[in-house]
Novice: 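Pasting a structure below so you can have a look.
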Amino acid sequence: MMPVTSRMEWNGNNWIIILDNGPRGRIEMTLDDFVALAIELKTVLSLDFSGEEPLPPDQPDLQD
């Protein structure tokens, strides 16, 4: 399996983040879009374990 490589390039207007997974594809987005995506994913993927069941010991805390 080929590891994902990443780099940043200046396109004259914005910083562009490039994630390259070889033959499996390549993603390019502005730094601002990347930060917005990261915030959205953290919000969407956060799990609330404050009620019924305790957090399993082997489950990483996604709230941090």
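Residue indices begin at 1 and follow the sequence shown. Scope of the values below: all heavy atoms of this structure, side chains included, with no hydrogens, waters or symmetry mates. This structure is a prediction, so every number in the text was calculated from the model and none was measured.
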Novice: Can you name the residues that form a side-chain contact (heavy atoms from CB on, under 4.5 Å) with Leu37, not counting sequence neighbours?
Specialist: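 With sequence neighbours excluded, Leu37 shows a side-chain contact (heavy atoms from CB on, under 4.5 Å) to Met29, Leu41, given in chain and number order.
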Novice: Under the ring pair (Phe, Tyr, Trp, His ring centres under 6.0 Å) definition, can you give me all pairs with a residue in residues 2-33, not counting sequence neighbours?
Specialist: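 Ring pair (Phe, Tyr, Trp, His ring centres under 6.0 Å) check on residues 2-33 returns Trp10-Trp15.
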Novice: May I have all residue pairs that pass ring pair (Phe, Tyr, Trp, His ring centres under 6.0 Å) and include part of residues 20-44, sequence neighbours excluded?
Specialist: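 Counting only pairs at least two positions apart or across chains, no ring pair (Phe, Tyr, Trp, His ring centres under 6.0 Å) contact touches residues 20-44.
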Novice: Mind listing the closest non-hydrogen atom pair of Ser6 and Leu19 along with its distance?
Specialist: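 It is CB-CD2, 3.5 Å.
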Novice: So, taking the atom named CD1 in Ile18 and the one named CE in Met8, what distance separates them when rounded to the nearest 0.5 Å?
Specialist: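 Atom-to-atom, Ile18:CD1 and Met8:CE are 10.0 Å apart.
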Novice: Quick one: list whatever passes side-chain contact (heavy atoms from CB on, under 4.5 Å) with Asn11, sequence neighbours left out.
Specialist: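 Per chain and number, Asn11 pairs via side-chain contact (heavy atoms from CB on, under 4.5 Å) with Asn13, Asn14, Ile16.
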Novice: If a pair satisfies salt bridge (Lys or Arg N to Asp or Glu O under 4.0 Å) and one of its residues is in residues 29-40, list it, with sequence neighbours excluded.
Specialist: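 Matches after skipping sequence neighbours: none remain.
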Novice: To the nearest 0.5 Å, tell me how far Ile17 CD1 sits from Arg7 CZ.
Specialist: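 Separation between the atoms: 12.0 Å.
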